[in-house]
There are 2 protein chains.
Amino acid sequence: MPKLVRQTPKPRARRQASEARPYHHGDLRRVLIDAALQLAAEGAEVSVREAARRAAVSPGAPFRHFPNRDALMAAVAEEAQRRFRVEIEAALAETPSADPLARFCAFGLAYLRWAMRNPAHFEIISSGRYFTHGSSAELTRDNAELVALTERMLAEAAEQGLLWSGDLKRIQIAGRALVYGFARMNLDGHFPRWGVEEGEIERMAEGVIDLFIAGIAKR
Amino acid sequence: MPKLVRQTPKPRARRQASEARPYHHGDLRRVLIDAALQLAAEGAEVSVREAARRAAVSPGAPFRHFPNRDALMAAVAEEAQRRFRVEIEAALAETPSADPLARFCAFGLAYLRWAMRNPAHFEIISSGRYFTHGSSAELTRDNAELVALTERMLAEAAEQGLLWSGDLKRIQIAGRALVYGFARMNLDGHFPRWGVEEGEIERMAEGVIDLFIAGIAKR
DNA sequence: CCGCTATGTAATCGTCGATTACATTTCGTG
DNA sequence: CACGAAATGTAATCGACGATTACATAGCGG
C-alpha cells in the first residue's frame, strides 16, 4: 500500500469541459452545507472536519467559506428553515378552508409532522445552541413570517367570534409553546418515559392540537 | 506571587480531626459535581477538565469517579433534578387547596418558575443531549413521581366533574408539552423574537397556564 | 500574457475526552 | 502495629476537533 501521497489533481489533466466547475472544487460551500445536513440527519455530531472529509477536501478548506463552525451551522439552519417553511406553506395550500381555526389546526399539524420527521434539522433550527441566533437575518425573517401567518389566522378567528378570549397574544404564545414543547418532548426522548409508544405519537399530536383548539374556541 | 505549587497536604500535617476527610482530596466526587453545576449555572460549557481545574486536581482525576463525561453529567442532572423536585414539592405544600385544578395550576407555575430561574440546570435535566438518559434510575424515578403527582390531580379533578373531556392522558401530555415548550422557548431564546420582554415572561407564564386550565375546565 | 484574487493544502496550536503506567494515601486484617 | 491490598491522584500520552497561518494553485480580467 503506497504511503498516503499529496492528493492534488494531476498537473496537466484538465477536467472534462462537460462539467463546468467554476473553481477548484465547484461550489464547495454548497457541498459542505449538504454534507452537514446529512450528518445531522444521521444523528451524528456535525463537525467541520467531518463535513470536509465528506467533501473530499482538506480540514482547513471550509474556513475559506465560513469564518467558523457557527457560521456553517447557521447556513445549515437557514437551509433547514427554508425547507420547513416550504413544507408548512404547501400544507396550508392544501387546506384552503375558510375556517381560520381549521387552518390554525392544519398549521400546527404540519409543524409537528415536519418536526417529528426531521428531528435533527428541527433541533438545529430551534435550539439556539449550535450558533448565535442573532447572526442570521434570513432565519429571523423566515420565522417572523410564520409567526405573522398564525397571527392573521387568530385575528380572523377573533373577528368571526370564534374565540372565547380576546387575548390573542396569550393564545398565540400558548399555542406555540404547545407545539414546540410537543416537538421537543419527542426530540428529547421524553415520550418513552411517558408511556407513549412510537407509533402513537403522531396520533397524539393530532389529539393535543384538537384539545387546544377546543380549549380556545367559543363555548 | 509564588509559582503555583503542587497542592498536596503537607506530609505530616495531619488534617484537623474536626473534619473527617476520608481520602486524598476529600470527596472529590462531590466537589466535581458542584463545580460542574456552577459551570452550567454560569452558562459555560461543562468540560471534565474545567471541573478538574476548579477542584484543583489533575485532568485525569475525575475519571476515577466517573467512567466518562456522560456519567459526570448524569450525576449533575441527578443533583439538579433533586433540587427541582424539592422546590416543586415545597410550592405544593404551600398550596394545600382542596381544588385539584388549583394545585395543578400551582404545579405548573412552580415548574416554570424553577425552569426560568435555573435555565442551565433545567436544560441538563431535560434535553437528553448531555448524557444517555437511560442510565440513571434515580432520574427516571424522580421524574415518574412528578408525573404521577399530576396524574392524581387530574384524576381527582375528573372525579369532581371539573373537566369537560375525559381523555386524561391527552390533557396530561398537552399540559406537559405546554409548560415544557414555554420553558424551552425561554431557554432557547425565542421570546425576544416574539416580542415578549424579559420582565414580561413570568407574567406571561401565569397567563398561559391560566388559559390552559380554563380550556380544560368544565364549561 | 501577466498578475490579482479566490480557493484549497499543509503544518501547527491549544483544548478536550480518554487511557495507561505509576505514585501515594488510606484502611482493614492478621 | 505493621503490612499489603484497595482507593485515589498524577503524569504522560493519544486521537479528534476548531482555528490560524504560510504557502500553492486555478481561473479571471486587463
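Note that this is a predicted model, so its numbers are computed, not measured. Basis for what follows: all heavy atoms, side chains included, without hydrogens, waters or symmetry-related copies. Chain letters run A, B, ... following the sequence lines, proteins first and then strands; every chain starts at 1.
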Subject >> Taking every non-hydrogen atom, the tightest pair across A:His121 and A:Ala40 >> reply: CD2-CB, 4.2 Å

**OP:** Compare every heavy atom of A:Trp194 with every heavy atom of B:Ile173, then report the nearest pair and how far apart it is.
**Re:** CD1-CE3, 4.0 Å

Original post:
Which residues in residues 36-55 of chain A have at least one heavy atom lying under 4.0 Å from any atom of DNA chain C?
Top reply: none

Subject >> Residue-level proximity of residues 61-75 of chain B to DNA chain C when a heavy atom falls under 4.0 Å >> reply: B:Phe63, B:Arg64, B:Asn68, B:Arg69

**OP:** May I ask you to check whether B:Phe212 and A:Phe212 place their ring centres under 6.0 Å from each other?
**Re:** no

Original post:
Less than 6.0 Å separating the ring centroids of B:Tyr180 and A:Tyr180?
Top reply: no

Original post:
Among all residues two or more places apart in sequence or in another chain, which pass the side chain to side chain contact (heavy atoms under 4.5 Å, CB included) test with A:Arg54?
Top reply: A:Ala35, A:Gln38, A:Leu39, A:Glu42, A:Glu50

Subject >> Inter-axis angle, terminal five-pair segments of the helix from C:dC1-D:dG30 to C:dG30-D:dC1 [nearest 10°] >> reply: 10°

**OP:** With sequence neighbours excluded, tell me which residues meet salt bridge (Lys or Arg N to Asp or Glu O under 4.0 Å) with B:Asp34.
**Re:** B:Arg30

Original post:
Rounded to the nearest Å, what distance is computed from the CG atom of residue B:Leu28 to the C1' atom of nucleotide D:dT10?
Top reply: 13 Å

Subject >> Whole-Å gap separating P (C:dG17) and OH (B:Tyr130) >> reply: 13 Å

**OP:** Sequence neighbours left out, what pairs pass side-chain hydrogen bond (donor to acceptor under 3.5 Å, both in side chains) with at least one residue falling in residues 61-77 of chain B?
**Re:** none

If you measure from the Lys or Arg side-chain nitrogens to the Asp or Glu carboxylate oxygens, is any gap between [X] and [Y] under 4.0 Å?
X: B:Glu79; Y: B:Arg82; result: yes
X: B:Arg184; Y: B:Glu123; result: yes
X: B:Arg117; Y: B:Glu87; result: no

